[in-house]
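Heads up: the structure comes next, in structure tokens.
Whatever order the structure lists them in is the order used to number ligands and atoms, beginning at 1.
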Amino acid sequence: MAKKKKLIGVDLGGTTIKFAILTLDGDVQQKWSVPTNILDEGAHIIPDIIHSINHHLDLYKMSADDFVGIGMGTPGTVDLKAGTVTAAYNLNWKTTQAAKEQIEAGTKLQFALDNDANVAALGERWKGAGNNEPDVDFITLGTGVGGGIIASGRLQHGVNGAGGEVGHVTVQPGGYLCTCGKHGCLETYASATGVVHLAHDFAEEYAGNSKLKKMVDNGDEITSKIVFDLAKQGDFLANEVTNKVGQYLGLAVANMANVLNPSYVVIGGGVSAAGQFLLDLVDKTFQEEAFATVRDSTTLKLAKLGNDAGVIGASSLALRFADDADLSDSAKVANVAAQVVE
Ligand SMILES: [Zn+2]
């Protein structure tokens, strides 16, 4: 019997490109990363990805024959069939990029891609907090707020790829202006930048004693981590901010669950490093705003995989190129979720 082949997962981000070599069961065997070079309208990014993969296969004395294919998560709007990416502004890509065509030519491996939040959702669902259940929703709180929905065993893309974009759910009509042009999107309050925006606005209105207030007044740089750390230490103003963030997130999560009734809503991304403290705040509003059937059957959880969610989920896109007989039951379930419904 031929040796079971492996997967390559790529998580393309605005500052780093993460790579991993994984087994067909999604276990990471090697990983590395390179900085994302966004100069020259991002013209170096795809050649850098090809070079880095080929270089590491040489390094590990492996060849294209050892792999079933490559999966990649990317920012921007993805054309799943054509394998192209448009509107990835944080990569400086101003025109449509033929990612699939170029990477397949450069590595001699089959290639599939999807949106970065969707692949993180696939990763957490397969190997992390999602327990490989058929119905799992995922929210990632980073510079922005992204999301991915696995419903009845399949990742949901919608008609134009915007399925699962929970960051643009309106939580405050007429609220903060979002990068999407709308007002009051979840992203404007619950992203790292949103938390800082709230902190500045609340500090302006507040006259009491607070370390956060002093820092803002001094012009110190505030981060969402600082706000959450101060809140945990009992700072009044910081708690006002984190309570508000928890309310908005809880409202969005409850409404998503009221529609989809998943087993789990998994919360990940940099802001979720605030851990159980954040989860408790979100759960408080969730318990109020989810209706009884949902409240009794949907559970909120923190993500487990951290930075690896992206490469693991991305690698599951390449399961479609494997021989089905080589896949475990768990990998088969992951493969169904990651495939595009024709
Ligand atoms: Zn928006």
Side-chain angles (χ1 to χ4, degrees), residues 12-15 73-80 85-94 96 114-121 124 137-151 155-202 222-224 227-228 241-260 262 265-272 274 278 281-282 285-286 289 300 303 309-310:
L12 171 55
T15 51
T74 173
T77 303
V78 174
D79 183 325
L80 298 163
V85 185
T86 49
Y89 301 112
N90 59 343
L91 300 177
N92 230 353
W93 281 349
K94 297 188 170 69
T96 298
D114 208 321
N115 165 272
D116 49 4
N118 281 345
V119 304
E124 274 296 336
D137 297 353
F138 176 74
I139 297 188
T140 174
L141 312 172
T143 318
V145 172
I149 291 167
I150 293 106
L155 185 65
Q156 301 299 308
H157 292 96
V159 288
N160 205 14
E165 284 283 6
V166 66
H168 301 290
V169 165
T170 303
V171 291
Q172 178 68 63
Y176 290 166
L177 178 64
C178 184
T179 50
C180 76
K182 272 187 343 106
H183 286 268
C185 295
L186 177 65
E187 174 164 303
T188 66
Y189 299 100
S191 64
T193 39
V195 173
V196 172
H197 191 176
L198 271 177
H200 279 272
D201 279 7
F202 279 27
I222 307 295
T223 62
S224 72
V227 175
F228 275 96
V241 174
T242 55
N243 286 344
K244 198 75 189 165
V245 172
Q247 277 172 23
Y248 285 134
L249 263 171
L251 181 62
V253 167
N255 285 335
M256 190 160 70
N258 285 339
V259 174
L260 294 157
V265 179
V266 179
I267 302 176
V271 176
S272 76
L278 171 70
L281 291 174
V282 179
T285 301
F286 174 78
E289 303 298 341
L300 311 193

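Here the shortest heavy-atom pairing between L278 and V271 reads CD2-O, 4.0 Å.
Under the side-chain contact (heavy atoms from CB on, under 4.5 Å) criterion, A87 pairs with T77, Y89, not counting sequence neighbours. Partners of T74 according to the side-chain contact (heavy atoms from CB on, under 4.5 Å) rule, which considers only residues two or more places apart in sequence or in another chain, are L12, M72, V78, V85, L91, W93, L113.
For the Zn ion (ligand 1), the nearby protein N/O/S atoms, meaning those under 2.8 Å, are H168 ND1, C178 SG, C180 SG, C185 SG.
A 4.5 Å side-chain heavy-atom check between T242 and V227 finds at least one atom pair inside the cut-off.
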Got a list of side-chain donor-acceptor pairs under 3.5 Å for residues 176-186, not counting sequence neighbours?
from, atom 1, to, atom 2, distance (Å)
Y176, OH, D201, OD2, 2.8
K182, NZ, H168, O, 3.1
K182, NZ, T170, OG1, 2.6
H183, ND1, G175, O, 2.9

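For the residue pair N115/H157, the side-chain donor-acceptor check at 3.5 Å is not satisfied.
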